[in-house]
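Comments concern the structure below.
Computed over heavy atoms, backbone and side chain alike; hydrogens, waters and symmetry mates excluded. Naming convention: chains lettered A, B, ... in sequence-line order (proteins, then strands); numbering from 1 in each chain.
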Amino acid sequence: MSEIIYVQPFDANFTTALLPELILVAGLFALIIIPNLGKATFRVPGTQIRLPYFLGGERYSLISNPRLPSWIAVTTLVLAFVEVLMTLDGGLQRYMIVSELLPTTINGATAGDVLVNGGSHIIPGSSKELLLINGFSRLFEMIFFGAISLAAIASMNRLQSFNRSDRSTNALYNNRRQADFYILLLTAAMGMAIVALAQDLFVLFLGLELASFSSYVLVAFHKESKEGTEGGMKYFIVGSVASGVGLYGLSMLYLWAGTLQLGELSVAFDAAMAPQGFPALPLIALGFILVGFGFKVSAAPFHFAAPDAYAGASSPVAGILATASKAMGIIGLTRMLLIVASPESNDGSAIWLVALGILSVVTMTWGNIAALGSDNPKRMLAYSSVAHAGYMLAGLTAIGAWNWDPTLAGPGGDGAIMVMTAILFHLVVLVCFKLGAFLVLSILESEGEVSKMSSLRGLSKREPLLAVSMFIFMISLAGVPPMSGFMSKLLMIMGIVKISIGNMGDALSNGDILSIGDAHWVWWLALIMVLNSAISMFYYLRVIVTMYFHEPEGDRQGPLPGGWQVRTAIFACVVASVFFGINADGLIELCEMAANSLNYSWASQ
Amino acid sequence: MGTISNVSDEVREKLVNPIRWAVLLFSLGLLGLTTAMFYNFFGELNGFEGIAFNSYEFTARYSWVGSLGIYWSVGLDALSFPMVWLTTLLLPVTIIATWNEKNGAFYHPLLLLMGGALIGVFVALDLFMFYVFWELTLIPMFFLILKWGGDDRKYAAQKFFIYTFTASVVMLLGLVTLYFLQNPLDPLAYSGTMTGRTFDIPELVNHAHQANMNGNWFLGASMQKIIFAMLMLGFLVKLPAVPFHTWLPDAHVQAPTGGSMLLAGVMLKMGAYGMFRLPIALFPHALEYFQLVLMAIGMVSLVWGSIVCLGQTNLKKMVAYSSVSHMGVICIGIATMQPMGWAAALFMMFAHGIISPHLFAVCGAFKHHYHSMEIGAMRGMAKHSPWLATSMMFAWMASLGLPLLAGFVAELMVLIALWHFLVAEGWSVLWMVGPALVLAVTAAYYLWSMQRTIFEGGDETQPPASMDGQPIPDIGNHEKLAMFVLAMFTILFGVMPWIALDMMNDWSIQIFEGLIMPILGNFNGGV
């Protein structure tokens, strides 16, 4: 792995380091300005001089295409995505953005030179590490930009005018919401990118809130429909409360440790957990922060707003919630649980182990069982998101136990790496099939509401290719080979089993008599996960059966509307779903590299 | 092919014929290939005899997911080859028998897909690949039942999928646990770069063999029993063995003819094949430990299946339950832990795989031509549909174990092995009376159903009410051809069973002497 280059904001290396994010900012500016280029002028008071200004006025008079904002947004996002991919290719150069650096060093090198661990560039005590660009963050940026760009592509033809009966292009002229929607998408992407890069809890929170507020408005965007308003309000209120609680936890951490830097916090936590027992304040803080991030990940019992939010939002936005927001929450959880309150800080296993284990079991089971009773496809997918969050939480629990028995723990660091790889892999392929499922629903939405399962009826007759795509997405979600959903679930099971078994293999071959009870109790998490997969098969099959078995509903006949953009996006998702199931090696190695770069004691083995 | 043909309905109609013929020729080509493999065409062994245990022919190995030790590893040995040949035989026969199935442009390629997945299960020599293909067989069968099935097909398709999927994921957990109980510090060949462990079956079998030979239970007693149980759950549900058999009657009754033929002919054998391939080779101690349980399950399946058959009025359901009871015979054969018993089980898999598609083809023709599957619906069939009546009589006789037909050899061998088992265990031989009598019950229900459908009525035969007074047809040429082919092979393997039996016997003796005897000692007097 290359050395870290320390960069100060607006420094020499700043643009190279933050290129994808700067692309986003540029796109954002473009999106605000370009559609507003019009004849809007104002008269300088006291004179007859008219000066143009960029707000208000006839938005589309100069740039006549009302789809322009969507094109700008999509171009920006895809560019950012490609740029992230390019940095991942051929070795990743890690950057650390710090708040300030000394202009020169003792040895005469200048700021921007590569130094081992920053050398003497860092001003101890006042130089804050803000953003770290490494494999982990780039992978997450890939997830975010990929998901949001797919959602943006799917929304390109979809924003109807206020007046529902008028769907012509002309009506879009009067639609002031085109630009707003895409601006919000871009700010959400910005926020998520910041979360991925953050090394300071305050910066993390900043990015989190930026993305969250954008998503609140996105969920409530179609305010003329009842479900949209209701879902948006619920999501906003619950989300704000959760963020507030999370912020309270962060402030308690700051109170206790005096710093919000992740590195310093983990050192302080380690020292505090030493033999004299657990101090209460950081643990309470940890609990509160768990609530905040748990809401984002839609873990039970913090998930209650999720079904309504997904059902009320338009499908591409719901897809973003299901994939990118969840990834954002997982970043938060990972940073908190694995860096700050790391498993090594307590002898044997992490403090939060049992709590997270219980949480993951409740989440998995609740999500799967609630989905069984859902008639609304978006609600069903929301609950399945909850269940998938449960699987990932089970993975995180297993990481917490990686050091569980010194006598039996062999090269245990590999187990933790494997689970982390699995979680990352799962998040990447979740974009493919979960977002893909939402994209199919978005096509269905463009001809009418998708609030009942019956709207999916007969899809195989109306649009066979879409039905096949939905079929692939559903069985991928359930974990049927050879799709990527199976690969990700298998990797997670493998990781959990590996950690729970530890070094039992060696012990067994030496003649020890061991039984399954000697494995760590996280093994049972793997069993519960497997049984939950079987339960989830019920409702995924129900969708498939509805598509293939029933006749289309009365007023929904014939092929579906919706242009080539969203179908291309769906096709890309299908190809990715199947490809990563069959040829997973490249992606697994990428995720492994990202997991290694989390840079902990268990990663260095 | 199906996607292309979906351009429009008219195109779909026009493309049916070329697609059907293409699929048929392809499957016939496969059959030729496997037969050639058997007859030393490629310069390999002759007839798979004399292969040492755990060595395979026609192997290939490609790295698939290198970081985890997953390889695309295929190979044939005397255990899997008969199954592969059986699949390639059944594919063209099924295609011919259901030539006129509606929506043929999708139906026939789907059959081919099913056959491909099934062959994949049998040739897989890598645990991951084995599992992938195991699950992959569920998808085409699900669609076959859902789109071409009977009235209650929605329920049956979902029940089939979810029931077997649940058992399979438990099996998956067992496989993964087995995988991780290898020692990464002393990795076997073909291990993953990230995990240091391998999914490769021959490697694992060797490793287990070494561990078992040293006098210990491989993986320790408790662990071995648990993993054995988890793997067996998956296989027993697939077999299907009582009490996990309830998906089969629904699936069979609602499935289309072609689906039933492949389901009964090959898919059920996947369970037995898995039992041979994995638990027997890896966990002989656990097999001995659970021997009586397995024997009990087999006997209960045999008895239950037969007695329930007596009470059936739906023809296809009766045949489905008879499949359950025949699979019980296989289970008994495996549980005897005698070379003859294992060879018998293998031959039963093979023979049942030829006979039961015949049974289901007859049922399908019955449904197709008489629009009803009730046993009493059509009486005096011999007068109106002589070909169908003849085929039905032949298939029924084959299934109940008429000598000179394939089923008899298998049943006889199982009974002999059972006798040896009972004698060696020191149990009363009267325990044999049960299964033997039940085989008589098998004859009873078959004969009774034959009597009711074919022979009753004499000259005043009544056409079934479902025909609405239309003339009663006989079976078409394609059905005749398919049934004839199956009948011929039934006779062939009944009169000359050694063609297949030799390699099965060989394999059983190999595994018994190479694996069981050294490990478990002088065991049951070995026959």
Of B:F244, B:F228, B:W134, the residue whose pairing with B:F235 passes ring-ring contact (aromatic ring centres under 6.0 Å, His included): B:W134
Can you tell me which portion of B:L138 sits under 4.5 Å from chain A's heavy atoms? Options are side chain, backbone, both or neither. neither
Using a cut-off of under 4.5 Å on heavy-atom pairs, state which of A:M537, A:M487, A:R542 scores highest against chain B. A:M537
Measure B:I227 against the heavy atoms of chain A and call it side chain, backbone, both or neither at under 4.5 Å. neither
Check step by step if side-chain contact (heavy atoms from CB on, under 4.5 Å) holds for B:T137 and B:M270. CA-CA 10 Å; B:T137 57; B:M270 263 166 46; 3.7 Å; yes
What distance separates B:F143 CZ from A:F549 CZ, expressed to the nearest 0.5 Å? 13.0 Å
Is the Lys NZ or Arg CZ of B:K225 less than 6.0 Å from the centre of B:F290's six-membered ring, within 45° of the axis? no
Part of B:F133 lying under 4.5 Å from any heavy atom of chain A: neither
With chain B, the option among A:L531, A:I582, A:V468, A:I475 that has the most non-hydrogen atom pairs under 4.5 Å is A:I582
Quick one: sort the B:F199 and B:Y179 rings into parallel, tilted or perpendicular, breaks at 30° and 60°. parallel
